[in-house]
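Notes to accompany the following structure.
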Protein chains: 4
Amino acid sequence: MVEISSAPAPGRGRPRSEQSQLAILNATRQILEERGFVDLTIEEVALRASVGKATIYRRWPTKGTLVFESFMFDFLARQPIADTGSLRGDLLAALRGWIRTVKGTVTGRTLVGLIAEVQRDPELAEVWRDRFVIPVRTQHRAIIERAIKRGEIPSTTDVDITLDLLFGAAYHRLLQSHLTLSDRFAQVVVDYIIRGLAPDEST
Amino acid sequence: MVEISSAPAPGRGRPRSEQSQLAILNATRQILEERGFVDLTIEEVALRASVGKATIYRRWPTKGTLVFESFMFDFLARQPIADTGSLRGDLLAALRGWIRTVKGTVTGRTLVGLIAEVQRDPELAEVWRDRFVIPVRTQHRAIIERAIKRGEIPSTTDVDITLDLLFGAAYHRLLQSHLTLSDRFAQVVVDYIIRGLAPDEST
Amino acid sequence: MVEISSAPAPGRGRPRSEQSQLAILNATRQILEERGFVDLTIEEVALRASVGKATIYRRWPTKGTLVFESFMFDFLARQPIADTGSLRGDLLAALRGWIRTVKGTVTGRTLVGLIAEVQRDPELAEVWRDRFVIPVRTQHRAIIERAIKRGEIPSTTDVDITLDLLFGAAYHRLLQSHLTLSDRFAQVVVDYIIRGLAPDEST
Amino acid sequence: MVEISSAPAPGRGRPRSEQSQLAILNATRQILEERGFVDLTIEEVALRASVGKATIYRRWPTKGTLVFESFMFDFLARQPIADTGSLRGDLLAALRGWIRTVKGTVTGRTLVGLIAEVQRDPELAEVWRDRFVIPVRTQHRAIIERAIKRGEIPSTTDVDITLDLLFGAAYHRLLQSHLTLSDRFAQVVVDYIIRGLAPDEST
DNA sequence: GATTAAGCGAGACGGTACGTCAAGTCTTGTT
DNA sequence: AACAAGACTTGACGTACCGTCTCGCTTAATC
């Protein structure tokens with residue numbers, strides 16, 4: 001569980017109710033499912049969770065951070081780290097896993113909503129980078145680095161751009177929805193990357 | 001100029017004031033510059049343009065469509081179509097042109113705001129696809145198709161995925177802002193694509 | 001028909017359309033029936049009458065004057081002047097006629113609406129006094145004066161106060177609707193007035 | 001003070017601010033004085049009282065009910081109950097008191113505005129009857145009933161019609177403003193009533 | 001027969017206020 | 001202290017009509 005809630009008081013006074021915490025997150029998940037990110041209001045979360053609005057604000061400064069926490073749990077649970085032994089296998093597994101998590105799911109719709117929100121709220125953007133982009137990227141980076149270690153690809157490979165190509169294309173289709181995230185898409189993209197990776201293979 | 005304003009009646013009644021139209025778009029551009037998409041309100045546009053709110057709503061159903069129209073003018077004006085003779089040259093010109101248009105500019109910030117808005121407003125999403133994504137993509141598609149005609153790349157090339165890789169990576173950096181849109185980025189990406197494009201180079 | 005419409009031009013130019021005039025008054029009457037004075041808007045009258053708003057404003061400066069004209073026709077048509085030969089008979093006829101015109105009728109509801117409007121619009125108030133209050137009062141005054149001529153009541157009778165008592169009580173019940181305008185009410189009021197009128201009967 | 005504000009919750013939640021309540025009523029009174037009922041807007045009351053519009057709407061559903069509460073305080077404060085010992089004295093005191101309260105005063109203009117509003121808003125009409133018409137009438141009814149007890153007038157007297165005559169005439173002049181509410185008017189009206197009351201004087 | 005002037009239906013115009021909604025904060029009494 | 005409840009101020013929303021103003025088009029009376 002990714003913790004965003006601002007640090008609770010040290011010891012004095014009544015401790016924060018874990019029951020409220022759960023009620024809030026459950027209500028959030030429920031509303032996300034029924035209405036989506038845009039139409040979720042703190043007011044309704046409070047109502048459904050039978051919780052005062054202040055109790056929510058005490059933990060999460062904005063709707064974005066609240067939803068982010070709810071999202072992270074679901075997202076991470078669905079992103080198994082595969083080690084297939086080959087770069088192609090690992091990349092394909094990663095991309096396919098991402099597509100499975102995202103395509104036609106509440107998690108996917110929430111991801112889209114969060115990315116939109118991140119553009120509107122600089123504070124959320126920071127959380128987003130620190131707790132989502134960087135950690136997930138670190139995982140994916142490991143795939144490439146393993147391939148370098150295995151000698152599959154040159155050590156001069158630009159890891160960042162490789163990942164931007166792989167997931168950039170995927171996020172592009174998710175956000176512009178001009179074309180679907182088919183499995184063929186995943187395969188062709190990965191093949192493209194693999195080929196593009198080896199500039200001096202024949203040399 | 002891309003026209004979104006809901007179609008006015010053919011000849012009957014008082015015609016829509018072109019002066020108001022311009023005043024509204026100018027006010028919009030001004031506020032976008034000063035405050036950005038998120039903090040732009042229809043109310044202020046109306047105030048600055050010395051126009052009734054209804055006059056705005058009569059033409060554009062939402063803030064999104066209004067900003068879109070203002071954005072399109074600026075964006076298209078900055079996207080010159082280059083024909084350098086080589087695929088590499090054309091792709092690089094296109095990507096560099098996009099980066100120049102977008103990096104550190106009001107147009108870029110507005111683009112980000114619009115992409116966010118598109119995720120929240122399904123009606124805007126439609127306009128967005130029909131008037132932005134598809135037209136721009138058609139232009140870029142021409143680059144690839146020229147290369148095919150020239151015999152530079154195989155005719156079996158998947159044009160869509162090629163473009164998704166190229167611009168997907170770029171939009172990814174724009175929206176996640178985890179890394180900058182440097183010129184080196186443009187070069188490496190294009191090289192990647194070029195290499196990836198030619199599966200049967202040796203054949 | 002009471003004419004309020006501001007005087008039309010003498011001869012030059014296209015004459016005002018009598019058809020439009022009628023269409024407007026009909027639409028007005030219809031809406032008064034369906035929705036009542038408060039919810040009648042010039043906009044809807046124009047729409048229903050298939051007439052430009054300006055065509056209405058050219059004739060009647062306000063909603064009040066328009067409705068007033070429509071009202072007057074109906075009201076006057078239902079106020080027959082009775083001459084029964086006795087003061088009691090005449091007063092009773094007048095009061096009963098008024099109650100019949102007003103109780104549970106569109107005309108009555110419109111009268112109420114107009115009296116309300118008169119309190120809000122000083123210009124309408126003037127029209128109201130000149131074209132409704134004074135003419136109607138003149139008619140009623142004649143009843144009293146006939147009785148004086150017949151020697152039924154002293155010539156020192158305060159006609160105004162007599163009428164204010166008679167109709168004041170009636171309007172009071174109409175506007176406060178605390179009690180109904182029954183026929184018994186009419187009889188008792190008239191009897192009261194008749195008795196009150198003769199201070200020096202025995203002298 | 002007549003309370004109209006929709007009933008607040010018993011003890012839970014933050015209690016309604018008495019300070020806001022007073023600020024709203026003061027602003028209302030001020031605007032009534034400066035501009036009158038018609039030109040009073042909730043928007044301006046909110047502005048002057050430094051209060052959100054919602055805070056007003058939470059207490060009073062309409063402009064009518066708000067003004068009503070402000071009016072009642074002033075009106076009741078100026079309606080002293082006199083007991084002069086004679087019916088004539090009591091009626092004259094009541095009528096003169098009413099005229100004094102109403103003639104040329106803000107309270108009078110507000111009363112007129114409210115009566116007009118009552119004709120336009122059925123919900124206000126209910127409040128009006130329950131909190132103004134009936135209570136005031138009950139007071140006046142007491143005058144007549146005292147006279148009956150004293151044996152001054154027969155016990156068969158129709159109290160309602162008596163009051164409708166007395167105040168009906170007065171409201172009539174107030175609303176039609178065809179004639180002034182002079183003191184002579186008050187005297188003649190009362191005399192009329194007194195005479196009319198005693199049908200069997202000679203018996 | 002051409003010109004002129006006003007009226008016509010339609011509907012856009014700049015305004016104003018509406019009543020609502022949700023934001024994030026604050027104030028109760030209670031735990 | 002944190003809690004549920006709910007009031008607080010703020011600010012924008014999108015709507016509805018107001019009364020005025022163009023449009024292009026009749027429809028007479030005047031030249």
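Each chain gets a letter, A, B and so on, in the order the sequences are listed, and its residues count up from 1.
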Review point. Where along nucleotides 18-23 of chain F does protein come under 4.0 Å, by heavy atom, of base (B) or sugar-phosphate alone (S), with - for untouched nucleotides?
Key: BBBBBB
Practice item. Specify the residue among C:Leu47 and B:Ser20 whose closest nucleotide of DNA chain E lies further upstream toward the 5′ end. Key: C:Leu47
**Study point:** Where D:Trp60 and D:Leu25 come nearest, the two heavy atoms and their spacing
**Key:** CZ2-CD2, 4.1 Å
Review point. Between atom CG in A:Asp39 and atom P in E:dC21, what is the gap in whole Å?
Key: 13 Å
Check your understanding: What's the CZ-C1' distance between C:Phe37 and F:dC17, to the nearest Å?
Key -> 15 Å
Practice item. Could you list all the side-chain hydrogen bond (donor to acceptor under 3.5 Å, both in side chains) pairs where at least one residue sits in residues 39-56 of chain D, not counting sequence neighbours? Key: D:Gln30-D:Arg48, D:Glu34-D:Arg48, D:Arg35-D:Glu44, D:Glu43-D:Lys53, D:Glu44-D:Arg48
Review point. Rounded to whole angstroms, how far apart are CZ on A:Arg48 and C1' on F:dA5?
Key: 19 Å
Review point. Do the rings of B:Trp128 and B:Phe71 sit parallel, tilted or perpendicular, given the 30° and 60° boundaries?
Key: tilted
Study note, to complete from the structure: Residues A:Gln119 and B:Leu175: closest non-hydrogen pair is NE2-O, 2.9 Å
Review point. Separation of A:Leu66 atom CG from E:dA23 atom C1', in whole Å?
Key: 14 Å
Practice item. Considering just the side-chain nitrogens and oxygens of C:Thr55, establish if one lies under 4.0 Å of OP1 or OP2 belonging to E:dG9. Key: yes
Check your understanding: Can you tell me how far C1' of E:dG7 sits from CD of C:Gln21, to the nearest Å?
Key -> 13 Å
Check your understanding: Taking the side chain of D:Arg58 as its heavy atoms from C-beta onward, which of F:dC8, F:dA5, E:dA10 lies nearest to it?
Key -> F:dC8
Point to revise | Separation of E:dA12 C1' from B:Glu18 CD (nearest whole Å) | key: 14 Å
Exercise for review: Check the distance between E:dG9's P and C:Arg16's CZ and give it to me in whole angstrom.
Suggested key: 12 Å
Check your understanding: Could you state the CH2-P distance from D:Trp60 to E:dC18, rounded to the nearest angstrom?
Key -> 15 Å
Review point. Taking the side chain of D:Arg59 as heavy atoms from C-beta outward, which of F:dA5, F:dA2, F:dC8 is closest to it?
Key: F:dC8
Revision key, fill the gap. Residues D:Glu69 and D:Gln21: closest non-hydrogen pair is OE2-NE2, 4.1 Å
Review point. What are the two closest heavy atoms between C:Ala46 and C:Gly52, and how far apart are they?
Key: CB-C, 4.3 Å
Review point. Should A:Glu117 and A:Arg120 count as side-chain neighbours, where that means a heavy-atom distance under 4.5 Å?
Key: yes
